Amino acid sequence: MEKNIEVSYCIVTFNSADKICKIIDNLESMTPKIYSFTIYVVDNGSTDETVALINKEKSKYRNVELIVPARNKGFGAGNNMIMDELKSKYHILVNPDISIRDPKQIEIMVNYLESNKEIGLLSPKILNTDGTVQKLYKYNPSVLDMGLRFISPKIMKKRQQWFVHDETGYTKTGKIEYASGAFMVFRTEIFKQVSGFDERYFMYMEDADITRKVNSVSQAQFFPQAEVFHEWQRENHKKLKYTMITIFSMIKYFNKWGWKIW
């Protein structure tokens with residue numbers, strides 16, 4: 001095992017004052033000391049205490065960098081802002097509401113990528129805070145699949161179970177076509193090769209899009225041997241604003257990749 005592997009993290013924040021210190025402290029304590037690492041935080045125009053708290057973290061940790069865009073262009077654009085700065089071998093995207101409870105998890109994922117050069121994107125098992133599995137191991141979406149997830153989990157239940165690989169029991173490694181942007185581990189050269197995220201998506205569907213781009217040049221893989229925890233605040237199901245953003249993102253996605261109805 002190399003002792004000089006560089007790992008980078010990117011956290012995109014927006015009014016994340018209640019979470020940002022916790023996730024930075026978590027990453028600092030959970031990343032094995034055999035890696036050198038940098039934590040980039042891109043703040044998309046927070047109006048709460050997020051930026052002040054990040055600056056406090058910067059005074060505590062020398063490897064924390066804060067970037068504040070001139071305007072909020074969305075999740076994907078925020079992540080892309082640091083692309084030219086990246087010198088790491090592996091680049092990890094982390095939502096502010098992620099937590100890692102076992103310091104071995106990062107090492108397990110990096111070791112796997114070290115041994116499997118064909119993998120450009122790794123998606124670990126993502127758990128709810130109570131330990132239950134978030135079913136985020138998905139196929140490329142169709143209009144039907146996205147529509148069903150909006151309407152009800154009870155309609156065409158077998159189709160919905162198929163879409164999220166429910167039959168695997170989330171215990172088997174396999175190709176993933178639609179990984180969750182809550183936590184993604186990229187081989188940095190692949191992240192750069194696909195030019196990061198498509199910035200036409202402000203929010204939602206950008207993770208489906210980038211997974212598809214990675215699979216066109218490398219391989220994206222679901223990897224249940226490592227796991228992280230995610231609070232999963234599904235705002236798009238609560239407010240009309242987020243529902244409309246999701247619908248517009250879906251239209252952009254299907255215009256780009258083709259209107260697969262089912």
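Bear in mind that the values here come from a model prediction, so they are computed numbers and not experimental data.
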So with a 6.0 Å cut-off around [atom1] of [X], is the heavy-atom count from everything else above 12?
| X | atom1 | result |
| --- | --- | --- |
| N255 | CG | yes |
| K157 | NZ | no |
| K135 | NZ | no |
| K154 | NZ | no |
| W259 | CH2 | yes |

Of the non-hydrogen atoms in N140 and D145, which two are nearest, and what is the gap between them?
->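 Nearest heavy atoms, N140 then D145: O-OD2, 4.5 Å.
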inquiry  = If I compare all heavy atoms of F163 with all of P141, which pair ends up nearest, and what's the gap?
reply    =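 Minimum heavy-atom contact is CE1-CA, 3.8 Å.
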What about the rings of [X] and [Y], do their centers lie closer together than 6.0 Å?
| X | Y | value |
| --- | --- | --- |
| H91 | F191 | yes |
| F223 | Y112 | yes |
| F222 | Y170 | yes |
| Y139 | H165 | yes |

- From the options L121, I210, N215, D209, select the one residue that forms a side chain to side chain contact (heavy atoms under 4.5 Å, CB included) with V194.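 Checked L121, I210, N215, D209 against V194; only one passes side chain to side chain contact (heavy atoms under 4.5 Å, CB included): I210.
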Could you go through the side chain to side chain donor-acceptor pair (under 3.5 Å) check for S88 and T188 one step at a time?
CA-CA 6 Å; S88 59; T188 304; 2.9 Å; yes
Practice task
Determine, for F229 and R101, whether the Lys NZ or Arg CZ falls below 6.0 Å from the six-membered ring centre while staying within 45 degrees of the axis.
Solution key: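 That pair qualifies as a cation-pi contact.
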key: Pairs where residues 58-77 contributes a residue and the test ring-ring contact (aromatic ring centres under 6.0 Å, His included) is met, not counting sequence neighbours   =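 Counting only pairs at least two positions apart or across chains, the ring-ring contact (aromatic ring centres under 6.0 Å, His included) contacts touching residues 58-77 are F75-F197.
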